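By convention in this document, chain letters (A, B, ...) are assigned in the order of the sequence lines, proteins followed by strands, and residues within each chain are numbered from 1. It should be emphasised that the depicted structure is a prediction, and the values quoted were computed from it without experimental measurement.
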Protein chains: 2
Amino acid sequence: MKVTVRQIESFLGVAEAGNFSRASRRLSVAQPALSQAVKDLEAELGVRLFDRTTRRVELTEAGREFRSSAGKALEDLQLAVSRTRDLAERRRGRIRVAAPPLLAAVVLPYAIAAFRERHPGITVELVDVGTEQIVEAVVSGRADCGLGTFPPGEDGIERVTLMRDTLMLFCGYQSPFYAATTVRWHELGGHPLITLTRDSGIRLLVEVGFETVQLPMKPAYEVTHITTALALAEAGLGISVLPTYALVAARHHKVAGKLLVDPGIAREVVLIHASGRSVSPAVSAFSTVLRRYAQKLTPRETN
Amino acid sequence: MKVTVRQIESFLGVAEAGNFSRASRRLSVAQPALSQAVKDLEAELGVRLFDRTTRRVELTEAGREFRSSAGKALEDLQLAVSRTRDLAERRRGRIRVAAPPLLAAVVLPYAIAAFRERHPGITVELVDVGTEQIVEAVVSGRADCGLGTFPPGEDGIERVTLMRDTLMLFCGYQSPFYAATTVRWHELGGHPLITLTRDSGIRLLVEVGFETVQLPMKPAYEVTHITTALALAEAGLGISVLPTYALVAARHHKVAGKLLVDPGIAREVVLIHASGRSVSPAVSAFSTVLRRYAQKLTPRETN
DNA sequence: AAGTTCCGATCAATTAATACGATAAATCAA
DNA sequence: TTGATTTATCGTATTAATTGATCGGAACTT
């Protein structure tokens, strides 16, 4: 036979109550069960833990010593259990998110704010890597999940679509496009263009767009941040082609976002996590919040 | 259901082995038992502890965290168990012995030395109290056991007879008694007497002896320690009436111990411990050693 | 001192938990 | 694809735990 948690709980209960019957009520077990459990524990330890007559129950010296050490150990164990339950119930945890700079700067702050409100015990860390390293970071375990657009067929990751991200035209109120509902790519010719720098995934898509309508792309300005691009557009210094999620940042600028068609260029923003590894409760909660948040970002202009 | 020690041991075993089958061999259980135990534990915690396929088993993040905290708690628990077993098996412990000064000085040092050889892990403390307070010290719990001679009918104590202690005459080689086998009380008249001080229990018995044969007791010397009395006797300064156990101390002196008869005055030296309270393993071991040691002290001169 | 009242230990029967063996399902390697 | 290996599942048997009833002993009351 071996020492069990129940035996120790029984022992501690009796020691606390100083009385088998009272302890049996507190622990919601039958009194013989306690007698038996304590007896078994004593047999296992080879020593009497209580001096008991039918009227008095008190700890022996061995009992006192065992009570303090075993009681502490049991508390530690229960703490370990309850902390793990906290993980399971999303009261605690940590998420490391790998995201490309633009998403990290534009979408994530709002999403994280919403997430923290729902799950204040879970900390979110941003893993700052370049766009190409996101998959690697997730597969290697340096990040728990990743955001972005990835070519299909990547190995070792699972993907969840967050939103369909369409290229849009952003312009200030001075712009001739300001009144339009939709804008066609070939109309962009001749207007001063504000683009993102070459290391951005968006920039590539914009180049594809211009190529498709066979217009030369001559950036008037090259900026790193979407907000900079929006500020320049607001100031009437040019127009900019940006992803849908720039709308979030555009709320604080006097700029309008117009659907860009012919061709409509879209990509999927997905959340990825390593396949094989189980999804931690924290990540699954984060995924839920992100999906919900992404729905709110879906452009109303498409309807 | 509740978290059990077995579940955690199963979990730790699998985590260590990295493999259910190997762990089942190490833990000497069937493999399905491990599957079940881990499954139950996961259900209890609400979280997956292993990412497992049929080929690979590795800890999840929650599993790693739980492993370190629960593992440590379980170790503490097992340490508590094994330390309590040490108590039971007399590898560890503490005894507080209350004994009157003479017994403490003459008998106990040897007895304790013998005891320490047998039970090196158990420490023996001497509770230094006057003869009258020994019972009280044991009953109150300040001492685990007591030595001495006590009037019958004391309440709340159990007694174990260690030895029958007879008054003997101790004299140096110059003494006319040195060649005798037994000595009678009335022969003592006129010889210079070395006695113990009045606070000794022995002194009382000696006085009883002299009264019985109606001789006046005129101490030539009053000393505190038995060894002093023996030294004086060795120097030929007088004779001394001492208990049997003074023979132990007499081995280092050139003195002889003679049976004193007419009347033979004896008392029982007993070991006492509190009734009601259980006897700790250490005390019972001490009692055993003391009894054995006391047998060796039984005077050969009585035969 | 005798009766009363608690309280822990024990008993017997039921119920729940656990283990085991056999087998199915899944994965990786050749 | 096959073969080997490993985990999960299922049914059965064994073991342990729980329960209610009862016994026996200690302290309090009268």
Side-chain angles (χ1 to χ4, degrees), chain A residues 1-45 47-60 63 139 155-158 274-278, chain B residues 1-45 47-60 63 139 155-158 274-278:
Chain A
M1 199 197 302
K2 289 215 61 185
V3 174
T4 62
V5 169
R6 183 160 320 174
Q7 285 168 4
I8 293 170
E9 282 174 339
S10 301
F11 162 68
L12 293 174
V14 173
E16 175 115 9
N19 181 307
F20 279 68
S21 304
R22 199 138 23 101
S24 78
R25 267 167 262 135
R26 281 197 212 167
L27 299 175
S28 317
V29 294
Q31 170 262 317
L34 285 188
S35 287
Q36 186 78 349
V38 170
K39 184 182 171 184
D40 291 346
L41 181 58
E42 287 176 331
E44 192 57 31
L45 296 175
V47 80
R48 215 141 169 78
L49 295 170
F50 293 110
D51 279 327
R52 44 195 190 276
T53 68
T54 56
R55 297 305 282 187
R56 202 192 328 283
V57 173
E58 52 188 22
L59 287 163
T60 62
V139 170
D155 219 42
I157 61 173
E158 310 265 333
S275 60
R277 260 195 288 279
S278 77
Chain B
M1 200 197 302
K2 289 216 60 187
V3 173
T4 54
V5 170
R6 186 162 324 178
Q7 284 168 5
I8 293 170
E9 282 174 338
S10 301
F11 162 69
L12 293 174
V14 173
E16 175 116 10
N19 179 307
F20 279 68
S21 305
R22 198 136 26 100
S24 77
R25 265 169 264 135
R26 280 195 213 170
L27 300 175
S28 319
V29 293
Q31 167 266 314
L34 285 188
S35 288
Q36 186 77 353
V38 170
K39 184 182 171 185
D40 290 346
L41 181 58
E42 287 177 331
E44 192 57 31
L45 297 175
V47 79
R48 212 137 172 80
L49 295 170
F50 293 110
D51 281 327
R52 44 194 190 274
T53 67
T54 55
R55 299 304 284 189
R56 202 192 329 283
V57 173
E58 52 187 24
L59 287 163
T60 62
V139 170
D155 219 43
I157 61 172
E158 311 263 333
S275 61
R277 260 196 288 281
S278 75

Does any non-hydrogen side-chain atom of [Y] lie less than 4.5 Å from one of [X]?
{"X": "Val38(A)", "Y": "Arg52(A)", "value": "yes"}
{"X": "Val5(A)", "Y": "Val3(B)", "value": "no"}
{"X": "Thr60(B)", "Y": "Val47(B)", "value": "no"}

Over all atoms of both residues, closest heavy-atom pair of [X] and [Y]:
{"X": "Ala37(A)", "Y": "Ser10(A)", "answer": "CB-OG, 3.6 Å"}
{"X": "Glu9(B)", "Y": "Leu27(B)", "answer": "O-CD1, 4.0 Å"}
{"X": "Arg22(B)", "Y": "Ala17(B)", "answer": "NH1-O, 3.2 Å"}
{"X": "Ser24(A)", "Y": "Leu34(A)", "answer": "N-CD1, 3.3 Å"}

**Asked** If you fit an axis to the five pairs at each end of the helix from dA1(C)-dT30(D) to dA30(C)-dT1(D), how big is the angle between those two axes, to 10 degrees?
**Response**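 Comparing the first five pairs with the last five, the axes sit 30° apart.
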Ignoring backbone atoms, test whether [X] places a side-chain nitrogen or oxygen under 4.0 Å from the OP1 or OP2 oxygen of [N].
{"X": "Asn19(B)", "N": "dT7(D)", "result": "yes"}
{"X": "Arg6(A)", "N": "dT18(D)", "result": "yes"}
{"X": "Lys39(A)", "N": "dT10(C)", "result": "yes"}
{"X": "Ser21(A)", "N": "dG8(C)", "result": "yes"}

Quickly work out the [X] [atom1] to [N] [atom2] distance and round it to whole Å.
{"X": "Leu49(B)", "N": "dT7(D)", "atom1": "CG", "atom2": "P", "result": "16 Å"}
{"X": "Gln36(A)", "N": "dC7(C)", "atom1": "CD", "atom2": "P", "result": "21 Å"}
{"X": "Asp40(A)", "N": "dA16(D)", "atom1": "CG", "atom2": "C1'", "result": "9 Å"}
{"X": "Arg22(A)", "N": "dC7(C)", "atom1": "CZ", "atom2": "P", "result": "8 Å"}
{"X": "Phe20(B)", "N": "dT6(D)", "atom1": "CZ", "atom2": "C1'", "result": "10 Å"}
{"X": "Asp51(A)", "N": "dA26(D)", "atom1": "CG", "atom2": "P", "result": "14 Å"}
{"X": "Leu34(B)", "N": "dG21(C)", "atom1": "CG", "atom2": "P", "result": "13 Å"}
{"X": "Lys2(B)", "N": "dT18(C)", "atom1": "NZ", "atom2": "C1'", "result": "18 Å"}

**Prompt:** Mind checking what makes ring-ring contact (aromatic ring centres under 6.0 Å, His included) contact with Phe11(A), not counting sequence neighbours?
**Reply:**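 ring-ring contact (aromatic ring centres under 6.0 Å, His included) check on Phe11(A) returns Phe50(A), Phe66(A).
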For nucleotides 26-29 of chain C, print each protein N/O atom paired with a nucleotide N/O atom at under 3.5 Å, atom names and distance only.
residue, atom, partner, partner atom, Å
dA26(C), N3, Thr54(B), OG1, 3.3
dT27(C), O4', Thr54(B), OG1, 2.8

**Message:** Test: ring-ring contact (aromatic ring centres under 6.0 Å, His included). Region: residues 24-44 of chain A. Which pairs qualify, not counting sequence neighbours?
**Reply:**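 As it turns out, there is no ring-ring contact (aromatic ring centres under 6.0 Å, His included) pair with a partner in residues 24-44 of chain A once direct neighbours are skipped.
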**Message:** With the threshold set at under 4.0 Å for non-hydrogen atoms, list the residues of residues 25-33 of chain B touching DNA chain C in residue-number order.
**Reply:**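 Correct list: Val29(B), Ala30(B), Pro32(B), Ala33(B).
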**Message:** List the residues meeting side chain to side chain contact (heavy atoms under 4.5 Å, CB included) with Ser21(B), not counting sequence neighbours, and say none if there are none.
**Reply:**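 For Ser21(B) the side chain to side chain contact (heavy atoms under 4.5 Å, CB included) partners, ignoring immediate neighbours, are Asn19(B), Arg25(B), Gln31(B).
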**Item:** side chain to side chain contact (heavy atoms under 4.5 Å, CB included) evaluation trace for Thr4(A) with Thr4(B)
**Value:** CA-CA 7 Å; Thr4(A) 62; Thr4(B) 54; over 6 Å; no
**Message:** Strictly distance-based, threshold 3.5 Å: is any side-chain N or O of Glu42(B) a donor or acceptor partner for the main-chain N or O of Leu49(B)?
**Reply:**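 A pair under 3.5 Å: yes.
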